[in-house]
Amino acid sequence: SSVYDPSGMRAVGVWNDEGRTVVHTGGRLIVDGVDTPFAHHESEALYVKQPRVKGPAEVELTAEETAFLQELILHRWNWAERSGPYFVMGWLVTSMLSGALDWRPNIWLTGPTEAGKSSVLDEILKPLITPVGGRLFSSETTAAGIRQDLGHSAVPVVIDELESDDDKQRRRTDDIIVMMRGSSSGSGAVVAKGTTSGTSISYLLRSSFAMASINVGLDKAQDLNRTKVIALNPLTAHQRSQEAETVELWEKVTPELGRKLLTKVVRLLPVIEHNAKQLKTAIIKSDSLNCGARIAKVDGLLLAGSLVFS
């Protein structure tokens, strides 16, 4: 049998390559903003071709488009805490940078039926993460299926209705949580799986996850301090009365806006990393928050990401 080192294999995603920002769109590399043929990019990493994704746009989100997305996320759902929508915006940004960051925060949306959890995933997250190769999985998906689908990509992952209503669902959810835990940390988690031919296939997981369910399946501190739980209340009467208008607004949230957001996010990567460090330090020093370094790191990254929308 043979085992290769997957740590140098890179597929679709945004990567930090010795100080250079590389956007891998499957069929091309964009290195520090310049289209670069695979053969012309000198690197210790091996960039492998994949089915193409759209990648970044030629132009960034305009101020008007940025304000539209921010207002939509802020006001069309009934967030249990004021910070909730900002953490969602922050996840949108940091998840696009999964391969370039040294830590990848996750979010878990929770709330009763009809609170709009699935609509956040379907109408906001899904179209915006599509240009960077983001994946939307159903509750029936297994951890093994996600690993195989991602391969060597570092892209956002969204999983809806990740409930634990019976033993089978609980085991499937637990497996996904373990995978997510490894994917969040540092340089990612190497997972090796045997094949029928006697060889092994290894994957380096470096993705950020967004989940939604009525009940949150996290019970270990090591998972809770990697994942921001964001609660939603049932929609208000006013929000329900605006449902038709809201659906029209959702139709304006397109992958093209996601491409423009990706362009802006990639340019601001150094700023996001700087702000995340500053915010982490401020959160740790805050007596009122009273949280550990890992939670502060997650919150700092998500809040730094949300500033892209300000």
Side-chain angles (χ1 to χ4, degrees), residues 1-61 93-105 129-135 147-157 182-193 195 199-208 255 258-277 301 304-305 308:
S1 64
S2 64
V3 179
Y4 68 94
D5 178 9
S7 61
M9 303 283 284
R10 296 182 175 183
V12 171
V14 179
W15 303 91
N16 180 353
D17 191 339
E18 298 179 356
R20 298 168 296 180
T21 301
V22 179
V23 183
H24 187 337
T25 66
R28 65 184 181 131
L29 302 178
I30 305 170
V31 182
D32 288 338
V34 179
D35 269 294
T36 306
F38 282 79
H40 293 177
H41 179 57
E42 296 184 3
S43 174
E44 293 293 322
L46 176 61
Y47 291 86
V48 294
K49 290 188 176 181
Q50 294 249 292
R52 297 190 178 202
V53 298
K54 290 289 188 181
E58 294 296 323
V59 296
E60 296 184 4
L61 278 180
V93 169
T94 56
S95 69
M96 289 182 167
L97 301 171
S98 292
L101 297 175
D102 64 358
W103 191 264
R104 285 157 289 283
I129 65 174
T130 296
V132 74
R135 309 289 209 276
R147 281 193 298 267
Q148 187 169 353
D149 184 79
L150 291 175
H152 300 290
S153 296
V155 298
V157 174
S183 183
S184 297
S185 306
S187 59
V190 176
V191 179
K193 294 293 177 180
T195 68
T199 60
S200 69
I201 298 175
S202 297
Y203 306 94
L204 179 64
L205 302 177
R206 298 188 66 167
S207 285
S208 291
R259 294 186 67 202
K260 292 180 177 181
L261 175 60
L262 175 59
T263 302
K264 185 175 185 178
V265 166
V266 170
R267 179 180 64 82
L268 291 175
L269 172 57
V271 177
I272 294 167
E273 292 180 311
H274 172 79
N275 288 341
K277 291 176 182 177
L301 269 166
V308 169

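Everything numeric here is computed off the predicted structure, so don't read it as measured data.
- Without hydrogens or angle criteria, Arg267 side chain to Lys264 main chain gives no donor-acceptor distance under 3.5 Å.
- A distance-only check finds a donor-acceptor pair linking the side chain of Asn16 to the backbone of Gly19 [under 3.5 Å].
- Proximity of a side-chain donor or acceptor of Arg259 to a complementary backbone N or O of Pro56 within less than 3.5 Å is detected.
- Separating the OG atom in Ser95 from the CG atom in Leu301 is a distance of 12.0 Å, to the nearest 0.5 Å.
- You'll find the side chain of Val157 reaches within 4.5 Å of the side chain of Leu150, heavy atoms only.
- With rounding to the nearest 0.5 angstrom, the NE2 atom of His24 is 10.0 Å from the NE2 atom of His41.
- Under the salt bridge (charged side-chain N to carboxylate O under 4.0 Å, His left out) criterion, Arg52 pairs with no residue, sequence neighbours left out.
- Here the closest non-hydrogen pair linking Thr25 and Val12 is C-CG2, 4.1 Å.
- The CD1 atom of Ile129 lies 9.5 Å from the OG atom of Ser98; values are rounded to the nearest 0.5 Å.
- Rounding to the nearest 0.5 Å places OG1 of Thr130 at 11.5 Å from CG of Leu262.
- Looking at heavy atoms from C-beta onward, Tyr47 lies in side-chain contact with Asp17 at the 4.5 angstrom threshold.
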Evaluation steps, side chain to side chain contact (heavy atoms under 4.5 Å, CB included), between Ile272 and Val93: CA-CA 9 Å; Ile272 294 167; Val93 169; 3.6 Å; yes
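- Listed for the Ser43 side chain is a donor-acceptor partner under 3.5 Å among the backbone atoms of Ala45.
- Listed here is the closest heavy atom pair of Gly258 and Pro131: C-CG, 3.7 Å.
- Side chain of Asp32 to backbone of Thr21: a donor-acceptor contact under 3.5 angstrom is found.
- Side-chain atoms of Thr36 come within 3.5 Å of backbone atoms of Val34 as a donor-acceptor pair (strictly under, hydrogens ignored).
- Of the possible polar contacts, one joining the Arg104 side chain to the Ser183 backbone as a donor-acceptor pair under 3.5 Å is found.
- A donor-acceptor contact shorter than 3.5 Å is absent between the side chain of Arg10 and the backbone of Leu46.
- Counting heavy atoms from C-beta outward, Val22 and Val14 have side chains that stay 4.5 Å or more apart.
- Nearest heavy atoms, Val48 versus Ala11: CG2-CB, 3.9 Å.
- Contact of the Arg147 side chain with the Leu205 side chain is registered, since non-hydrogen atoms from C-beta on lie closer than 4.5 Å.
- Atom CG in Leu97 sits 11.5 Å away from atom CZ in Arg206 (nearest 0.5 Å).
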If you apply the rule side chain to side chain contact (heavy atoms under 4.5 Å, CB included), what do you find for Val59 with Thr263, and how did you get there? CA-CA 7 Å; Val59 296; Thr263 302; over 6 Å; no
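- Shortest non-hydrogen contact noted between Val265 and Met96 is CG2-SD, 4.3 Å.
- Judged by distance alone, with hydrogens and angles left aside, the side-chain atoms of Ser208 form no donor-acceptor pair with the main-chain N or O of Pro156 at under 3.5 Å.
- For the pair His274 (side chain) and Leu269 (backbone), a donor-acceptor distance under 3.5 Å is absent.
- For the atom pair Asp102 CG and Ser185 OG, the distance stands at 10.5 Å (nearest 0.5 Å).
- Asp149 is linked by a salt bridge (charged side-chain N to carboxylate O under 4.0 Å, His left out) to Arg135, counting only residues two or more places apart in sequence or in another chain.
- Between Val155 and Gly133, the shortest heavy-atom distance links the atoms CG2-O, 3.4 Å.
- Considering only residues two or more places apart in sequence or on other chains, Lys260 meets the salt bridge (charged side-chain N to carboxylate O under 4.0 Å, His left out) condition with Glu65.
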